[in-house]
Amino acid sequence: MLQYPDIDPIAFSIGSFSVHWYGIMYLLAFVSAWLVAMHRAKQPDALITKAQVENLITYGAFGVILGGRFGYVVFYNFDYWLTDPLWLFRVWEGGMSFHGGLIGVIVAMLIYAKRIGRPFVGLMDFVAPMVPLGLGFGRLGNFIGQELWGRVTDVPWAVVFPKAMDPEGVARHPSQLYQAGLEGLVLFVIVFWFSAKPRPRGAVSGIFLVAYATFRFAIEFVREPDRGVALVGWMTRGQLLCVPMFLVGIGLLVYACMASNKGSKVE
């Protein structure tokens, strides 16, 4: 087993101002999204121009933050929220949900697509490759912050987190790193490669949803369920939320395949 490396959650300080690693990871997530967007905007017949990337990132950032917080409160802590409704707005106390963030981005892109007169599904296809690297950076932030760790295990690479963070002091799967690798790097390679060629509208989004849902569903078997969140049968809350993602992804791929056979627009 491995001992958790002694990583200070504060990356550096300037006077009384401290910069946390988690904040840096958020910054890297948005920078990576901007770089991928700029690359895709240079492609022939790109749906978004380079001049529109800044607004696209801004809309997406608001969707991630607002949707992620709302999703965490509703999906994982709804009962507590009912007892303290203002907790929703105390974002400094922590708590974000990927599935909530995804819904927030969808809503934000729906608004932005209408504003610039672009097809919504096509815009989501443009956005999909921008997401995975940000997810990877976020999971690295989870590891540094010693949160969302894995279940107890005896595999050689198991990590023992400090007892101050994990009172049980047992060896656990470093599930944050599994997620950083699969939901971040591997998912990025798959979606970015797939989107490199023109595809029927909806296909890129479908690949993203199916691949993410599959990876997340699998990793949940070795990830410690959120405390206070009851399992749904044998499934965790995270796995349950992946089911509609997977089904929507399959639906988009079927739609894209049918559109391709009819000779419809490709992206």
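Count residues from 1 along the sequence.
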Less than 4.5 Å apart, side chain to side chain, heavy atoms only: is that true for Met25 and Ile144?
yes
Gln43 meets the side-chain contact (heavy atoms from CB on, under 4.5 Å) criterion, sequence neighbours left out, with His39
Taking only residues two or more places apart in sequence or in another chain, which ones pass side chain to side chain donor-acceptor pair (under 3.5 Å) with Gln146?
none
Is the backbone of Glu183 close enough, under 3.5 Å, to the side chain of Arg216 for a donor and an acceptor to pair up by distance?
no
How close do Gly60 and Met109 get, heavy atom to heavy atom, and via which atoms?
N-CE, 3.7 Å
Heavy-atom side-chain contact between Val121 and Pro119 under 4.5 Å
no
Between Ile111 and Ile57, is there shared hydrophobic-cluster membership here, with clusters defined by ILVMFWY side-chain heavy atoms closer than 4.5 Å?
yes
At their closest point, which heavy atom of Ala29 faces which heavy atom of Ser32, and how far apart are they?
O-OG, 2.7 Å
Determine whether Ile106 and Met124 satisfy the following criterion, side-chain contact (heavy atoms from CB on, under 4.5 Å), listing intermediate values before the conclusion.
CA-CA 8 Å; Ile106 290 173; Met124 292 303 298; 3.9 Å; yes
As an exercise, state the distance from CD1 of Ile103 to CG of Leu66, rounded to the nearest 0.5 Å.
13.0 Å
Tyr26 meets the ring pair (Phe, Tyr, Trp, His ring centres under 6.0 Å) criterion, sequence neighbours left out, with Tyr22
Applying side-chain contact (heavy atoms from CB on, under 4.5 Å), name anything that partners Val155, two or more places apart in sequence or on another chain.
Thr153, Trp157, Ala158, His173
So, taking the atom named CG in Leu56 and the one named OH in Tyr112, what distance separates them when rounded to the nearest 0.5 Å?
6.0 Å
I'd like to know whether the aromatic ring centres of Tyr212 and Phe98 sit less than 6.0 Å apart in this structure.
yes
Any side-chain heavy atom of Leu140 sitting closer than 4.5 Å to one from Leu28?
no
Looking at every heavy atom in both Val53 and Ala41, which two are closest together, and how far apart are they?
CG2-CB, 4.2 Å
Indicate if Leu135 and Trp34 have the same hydrophobic cluster label, given that clusters are the connected sets of ILVMFWY residues with side-chain heavy-atom separations under 4.5 angstrom.
yes
Output every pair passing salt bridge (Lys or Arg N to Asp or Glu O under 4.0 Å) with a member in residues 100-113, not counting sequence neighbours, ordered by first then second residue.
none
Residue set satisfying ring pair (Phe, Tyr, Trp, His ring centres under 6.0 Å) with Phe30, at least two apart, ordered chain then number -> none
State, to 0.1 Å, how close Leu47 and Arg118 come at their nearest heavy-atom pair, and which atoms those are.
O-NE, 2.8 Å
Report whether Val210 and Ile190 are members of the same hydrophobic cluster (ILVMFWY, side-chain heavy atoms less than 4.5 Å apart, transitive linking).
yes
Same cluster for Val248 and Met245 if Ile/Leu/Val/Met/Phe/Trp/Tyr side chains link at under 4.5 Å?
yes
Per the salt bridge (Lys or Arg N to Asp or Glu O under 4.0 Å) rule, what does the pair list look like for residues 106-117, sequence neighbours excluded?
none
Check the pair Leu102, Leu209 against side-chain contact (heavy atoms from CB on, under 4.5 Å), reporting the backbone distance first and the verdict last.
CA-CA 10 Å; Leu102 176 63; Leu209 292 174; 4.0 Å; yes
Cluster companions of Leu148 among Ile, Leu, Val, Met, Phe, Trp, Tyr (side-chain spacing under 4.5 Å):
none
Below 4.5 Å, heavy atoms only, C-beta onward: do Gln52 and Ile48 meet side chain to side chain?
yes
Is there a donor-acceptor pair closer than 3.5 Å between any side-chain N or O of Trp21 and the backbone N or O of Gly145?
no
Thr236 side-chain N/O to Gln239 backbone N/O, donor-acceptor pair under 3.5 Å:
yes
Does any non-hydrogen side-chain atom of Phe137 lie less than 4.5 Å from one of Leu27?
no
Applying ring pair (Phe, Tyr, Trp, His ring centres under 6.0 Å) to Phe62 and not counting sequence neighbours gives none
Would you mind reporting whether Val19 and Ile24 have side-chain heavy atoms less than 4.5 Å apart?
yes
Give the cluster check for Ile7 versus Trp149: same hydrophobic cluster or not, with ILVMFWY residues linked at side-chain heavy-atom distances below 4.5 Å.
yes
Okay, side chain of Ser175, backbone of Gly150: is any donor-acceptor separation there less than 3.5 Å?
yes
Spell out, as yes or no, whether a donor-acceptor pair under 3.5 Å connects the side chain of Arg151 to the backbone of Glu220.
yes
Approximate separation, where rounding is to 0.5 Å, of Arg237 CZ and Ser97 OG
10.5 Å
What pair of heavy atoms forms the shortest contact from Ser18 to Ile10, and how long is it?
CB-CG2, 3.8 Å
Spatial distance of atom CG (Leu185) from atom CD (Gln179) [nearest 0.5 Å]
14.5 Å
Specify the closest pair of heavy atoms between Met235 and Leu240, including all atoms of both residues, with the distance to one decimal.
CE-CD1, 3.7 Å
Salt-bridge present (Glu168, Arg172; N to O < 4.0 Å)
yes
For Val204, what residues pass the side-chain contact (heavy atoms from CB on, under 4.5 Å) criterion, not counting sequence neighbours?
Asp125, Ala128, Pro129, Val191, Phe194, Ser195, Arg199
With sequence neighbours left out, what residues match Phe70 under side-chain contact (heavy atoms from CB on, under 4.5 Å)?
Val74, Trp81, Leu88
Among all residues two or more places apart in sequence or in another chain, which pass the ring pair (Phe, Tyr, Trp, His ring centres under 6.0 Å) test with Phe126?
none
Measure from the ring center of Tyr4 to the ring center of Phe143 and say whether it is less than 6.0 Å.
yes
Side-chain donor/acceptor of Ser205 to backbone N/O of Gly202, under 3.5 Å
no
How far does CG of Leu241 sit from CZ of Phe217, to the nearest 0.5 angstrom?
11.5 Å
When rounded to the nearest 0.5 angstrom, what distance separates CG in Leu252 from CD1 in Ile207?
10.5 Å
